[in-house]
2 protein chains.
Amino acid sequence: MANIRDIARHANVSVTTVSRVINAHPYVSDEKRERVQRAMKELGYLRNQQALTLSTGRTQRFVVVLPYMDHPYYGLFVNGLAKAALTKDYRLVMWQTEYRLDQERQALDLLKHREVDGAIVLSHTMTFEEMTTYRAYGPIAVATVGAPETISSVHVDHYTAFQAGLRVLAEAGHEDIGIILSRADSPSSIARQRAYFDEVASARERWIFSGYLTSEDGKQLVSAFLSEQERPRALFFSSDYVALGFLGEAARRGLRVPYDVAVLGFDGHPIGQAFGLSTMRSPNEDIGRALFDATFQEMTGGPVVQKSLTVTHIPGMTV
Amino acid sequence: MANIRDIARHANVSVTTVSRVINAHPYVSDEKRERVQRAMKELGYLRNQQALTLSTGRTQRFVVVLPYMDHPYYGLFVNGLAKAALTKDYRLVMWQTEYRLDQERQALDLLKHREVDGAIVLSHTMTFEEMTTYRAYGPIAVATVGAPETISSVHVDHYTAFQAGLRVLAEAGHEDIGIILSRADSPSSIARQRAYFDEVASARERWIFSGYLTSEDGKQLVSAFLSEQERPRALFFSSDYVALGFLGEAARRGLRVPYDVAVLGFDGHPIGQAFGLSTMRSPNEDIGRALFDATFQEMTGGPVVQKSLTVTHIPGMTV
DNA sequence: GTACAAGCTGAAACGCGTTTCAGAGCAAGC
DNA sequence: GCTTGCTCTGAAACGCGTTTCAGCTTGTAC
């Protein structure tokens, strides 16, 4: 627990000199540098990160705000973030919100209290208007569309992405298409619904299945689907996990994919491949990486960045 | 950016009094308390967490060390950790190691530099001997077996757990059993191999498939399996994800489960259910919660805890 | 011989909240 | 009347690394 002053005393130099040695400042004579280094070794000096943080005002930490840490949908984002953070010697404080507004606020309060240098928000229920009030306390980057110009954003445009997916289904000859959403009122779900009505002639409210978030939900969907009078011939999911849950249960119930119903996933999680799931791959790892970089750069005076990435179709056997 | 001294000046009291108001200390007259509160409101005071941290010596943070943040196997652990952390107003700093020793060391160095109050290690390649050298800097809790008595541990005993799984297969009439491991030399894999040789009469080296970590690996395994001359009639996996990857590909290649080969998973991830996967459920969320509690309690002077939890069989259609 | 730059050094201030300690005022107990 | 104890208050020290600024020495340029 020796501190910098102990070292200074032991080496018979000033604390400034010790600090200079630690930070490899050139203006230290070889002799004193050596004395300091010896003292540090002898006393087992370890720099106190808390003091450093208070002194410099930089925490080397970002908070990552996301609804569920164990939802595989966020896995690739987080992976990209983690990799980027490592290269810049940054730490990630994970904050699980479960879509609760108070939790989102608590997470962004870390910014206010200087507990983190910036915030990366993967999904949120908070309005951008409210989010903007936190902007004065540090950079914020989101993975969603519609951010105001003060907030960095790297995302896929879910309207275009969904449009692309619907066209894949159309090209495969499907006209009667249903869509599966997570929360109906999230910005991305709203964009998806718009794309659905714009793109699909036979689109109808009854074929929008919303509230499906997990693979378990996907399993349940089979019953909901089978109980429909008029069924769509193809389903476009907004998560591979939900799609897989559906596939598994469908097989058990004798529903043949893609003959009875085609299935198109969304996100491109590796496990989809094992089951031959057709999907629209979203470059989530790239997004994670770019979100980190945006936040980092903005912190060092860089501009707000807003980037929109595109999805690509990964063919499988379910369409 | 007003600080406590600005408030004191504004309210015409000492900084001590301001601090007392902030911390709800009783010995403050109503009049001064009000003056201070008014000053805080007027100047928009926000407590600086960094200063608090330096002053109290407590960071309110634990580092969570795990190989891959996006590997679903760790999802439930992390979920349990996050929930417990929330109740104690603690933050989790996630550290992804990719099983690299230098990364594990860097993570535990946070402890040395007082950047976190404790460490929770979900998986590690570091020896317990080395880990013990970090113990002086704060509490450590691991999710693995074999920890020395200075290190808290909440885990499933993989020997017993694997034994239980092998008996499930035996009871279903399987004699020729193969096992699938992640890294062959990890402590849990070693325990699993021991259980395998102890429990299965026809056990053989060739039927130990190791190096299978992801669903993609599980998919690959089908080829490896099919190219065996003498094939086992049942496979016991050590991860549901790998098992699912196998199931998906097996179906595509016309390998019928469980007629041609039975499949038993391990961990109990929800998505397994959708595919009717038989599995041994590991109480990972409970473990996460308990690991947090152990670390927290130890920090406040509590004892080291070592707990072993058991797995339960979840029947499915693949055995 | 003078000026200016570069190398080296350390005292003091800074970031900011908490805690200790000393002291004043006042009421209750004997 | 005196002791004891509680309420209230603030100065100063503490946690600890960085940065600014002033000052000294030595070297180089003209």
Side-chain angles (χ1 to χ4, degrees), chain A residues 1-37 39-40 43-61 89 109-117 137-138, chain B residues 1-37 39-40 43-61 89 109-117 137-138:
Chain A
M1 298 293 195
N3 65 31
I4 209 178
R5 273 157 246 263
D6 297 328
I7 304 299
R9 235 188 324 269
H10 203 79
N12 202 27
V13 297
S14 71
V15 293
T16 316
T17 300
V18 177
S19 176
R20 278 196 263 258
V21 171
I22 293 171
N23 296 289
H25 189 286
Y27 288 176
V28 180
S29 67
D30 289 348
E31 191 228 332
K32 296 208 172 178
R33 186 189 321 281
E34 218 171 279
R35 281 209 326 252
V36 169
Q37 280 163 346
M40 292 201 294
L43 300 184
Y45 175 72
L46 290 169
R47 191 205 231 161
N48 183 326
Q49 187 67 29
Q50 299 169 194
L52 184 63
T53 288
L54 175 61
S55 184
T56 60
R58 283 247 248 148
T59 62
Q60 305 277 104
R61 283 189 294 274
D89 197 26
D109 277 343
L110 297 192
L111 214 50
K112 279 195 175 178
H113 293 111
R114 310 228 221 350
E115 209 174 326
V116 295
D117 294 336
Y137 304 99
Chain B
M1 298 293 195
N3 65 31
I4 209 179
R5 272 157 247 262
D6 296 329
I7 305 297
R9 237 188 324 270
H10 203 80
N12 203 25
V13 297
S14 71
V15 293
T16 316
T17 300
V18 177
S19 177
R20 278 196 263 259
V21 171
I22 293 171
N23 295 291
H25 190 286
Y27 288 174
V28 180
S29 66
D30 290 347
E31 190 230 332
K32 294 207 172 179
R33 185 189 319 282
E34 218 171 280
R35 277 202 338 244
V36 168
Q37 279 163 346
M40 291 202 294
L43 300 185
Y45 175 72
L46 290 169
R47 191 204 232 163
N48 183 327
Q49 186 67 30
Q50 299 170 196
L52 183 63
T53 288
L54 175 61
S55 184
T56 61
R58 287 243 278 185
T59 62
Q60 305 276 105
R61 283 190 294 274
D89 197 26
D109 277 343
L110 297 191
L111 214 51
K112 280 195 175 178
H113 293 110
R114 315 234 225 337
E115 209 174 324
V116 295
D117 294 336
Y137 304 98

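Throughout, a chain's letter reflects where its sequence line sits, starting with A, and its residues are numbered from 1.
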Open item on the list: Base contacts versus sugar-phosphate-only contacts with protein, heavy atoms under 4.0 Å: please encode nucleotides 8-17 of chain D as B, S and - from 5' to 3'.
Closed with: BBBBB--BBB

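In this structure B:Asp30 satisfies the salt bridge (Lys or Arg N to Asp or Glu O under 4.0 Å) test with no other residue, sequence neighbours excluded. Every residue meeting the side chain to side chain contact (heavy atoms under 4.5 Å, CB included) condition with A:Thr53, not counting sequence neighbours, appears here in chain and number order: A:Gln49, A:Thr59, B:Gln50. The ring pair (Phe, Tyr, Trp, His ring centres under 6.0 Å) search around B:His113 returns none, not counting sequence neighbours. A search for side chain to side chain contact (heavy atoms under 4.5 Å, CB included) contacts involving A:Ala39 returns A:Ile7, A:His10, A:Ala11, not counting sequence neighbours. Among residues two or more places apart in sequence or in another chain, the side chain to side chain contact (heavy atoms under 4.5 Å, CB included) test is passed with B:Thr16 by B:Ser14, B:Arg20.
Rounded to whole angstrom, the span from the CD atom of B:Gln50 across to the C1' atom of D:dT18 amounts to 14 Å.
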